[in-house]
Amino acid sequence: MTPMSNVDLAGAVARLRTAGSVVITSHLDPDGDAIGSTLALADLARALGIREVQCLNNDPVPSLYQWLPGASQIETPESAGNTVRDLAVVVDTSVWDRLGAAGDAVRQAREVLVLDHHLADAPIGDRFLVDPGYAASGELVMELHDAAGVDIRGETAEALYVAIATDTGGFRFSNTTPRTHRLAARLVEMGLDVAAISERIFDGMSPTKFELLRRALGRAEFAADGAVVHSAILQEDIQAAQAGPDEVDGLIKYLRNVDSVQVAIMFRELDDTTTKVSMRSRNGFNSAEFLQQFGGGGHALAAGATLALPLEEARGVLLDRVTPIVGETS
Ligand SMILES: [Mn+2]
C-alpha cells in the first residue's frame, strides 16, 4: 500500500501547532471512526494550545456513539456559526463529496489538513496524510498524539478505541494488523471497560433497528449462484419501523455473513430519485474500485455510493455490472 501523502506525522503536528483556531470535520453518515477520530483530534488540538477548537459534521452524531465523552461538542452546519478558522482538519475522508455542508467551513479555512486511510487518487487539502495501511483513522490520530508528545486522556482513549474497534469489525477484518493490536493494547492498559464498550457498539440493537433488519432479511435476494446477495430499505420501512436514518448502518453485515456470498449490496431509498448503495465484499472483490464508476468510494471490502436514480433502476444498473464480474476474482 502506497501512502498518498505530502506531509508526515511530524509535519501534521507542526501545522496544528501554528494554528490559533481549528475546525475539525469528517464524512457525512459518520461512523465510529469518524466520530472517535474527531473527538480525539479535538483533544489533541486543545493539548497543543489551540484556543478555538470546533468540531463540525454534516450529520448529527449517530445514537450509537452519543455516549462518547465530548460527543455533544460536534455541531452541525445549521447550528454552527460561520467563523473562518486558521486550519480545517478533515479526518477519515479526503474528498469534498463526503463532507456535505460541512465542506463550506473547510473551504473558508486558511489552510486544510487531511488525515485519512481511504483509497484516494487526489486528496483535497493543502497538506494530506492519506495511508490505507492504517486500519482506522483512529490509529493515525493516536500516532499523531505520539508524534506531538501528548499523553492520551482516559476519555480520549475511549474515542480512539471505538474508532479502531469499529473500523476493524472488532479486530476481525483483514485490515487488522499487529500495529492495530499494539495501539489498542495501550488503550486497554489505560483501564477501558472493553466489554461495556463492545456491548454498546456491537451487540446492542434497538427494537427499531431489529424491525429494519427483519424487513431487510425478508427482502434479500441472491444472484450469481449465491455469490451476490442484495436487499433494500425503502422510505416506508424507516417510517414503519420508526427508526432513525442511521439505524440502517450495519444491516448489511448480516447479508455478507452468508457463506456463499462474495459481494453483499444494500440499496437504500433516500427519496424517489436517489438511492444509496452500500457494498461489502470478500475473496478479492474490490468494492471501492467497483463503485468508482458510480462516483463512490471507500475501502476494498467496504464501500458506498449515492446514485441519482430511483431504487429499482439503481438496483438494475448495479446488478447488471456486478454479476458478470463476481467469481472472476475468487
Ligand atoms: Mn475509517
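Side-chain atoms are counted along with the backbone in the values below, which use heavy atoms only and exclude waters and symmetry mates. Order of appearance sets the numbers: ligands from 1, and atoms from 1 within every ligand.
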request  = Please state whether the separation between the Mn ion (ligand 1) and some N/O/S atom of Asp92 is under 2.8 Å?
outcome  = yes
inquiry  = Atom CD of residue position Gln242 - does it have more than 12 heavy atoms of other residues, nucleotides or ligands inside 6.0 Å?
reply    = no
query = So does Asp320 have more than 12 non-hydrogen atoms from other groups sitting under 6.0 Å from CG?
reply = yes
note = min-distance N/O/S atom, Asp167 vs the Mn ion (ligand 1), resolves to OD2
remark   = Between His117 atom NE2 and Asp33 atom OD2, the angle centred on the Mn ion (ligand 1) rounds (to 10°) to 100°
ask   = Does Asp31 bring an N, O or S atom to under 2.8 Å of the Mn ion (ligand 1)?
value = no
inquiry  = Determine whether a donor-acceptor pair (N or O, by modelled atom type, separation under 3.5 Å) exists between the side chain of Gln66 and the backbone of Val61.
reply    = yes
key: Asn57 side chain to Glu75 side chain, donor-acceptor N/O pair below 3.5 angstrom   = no
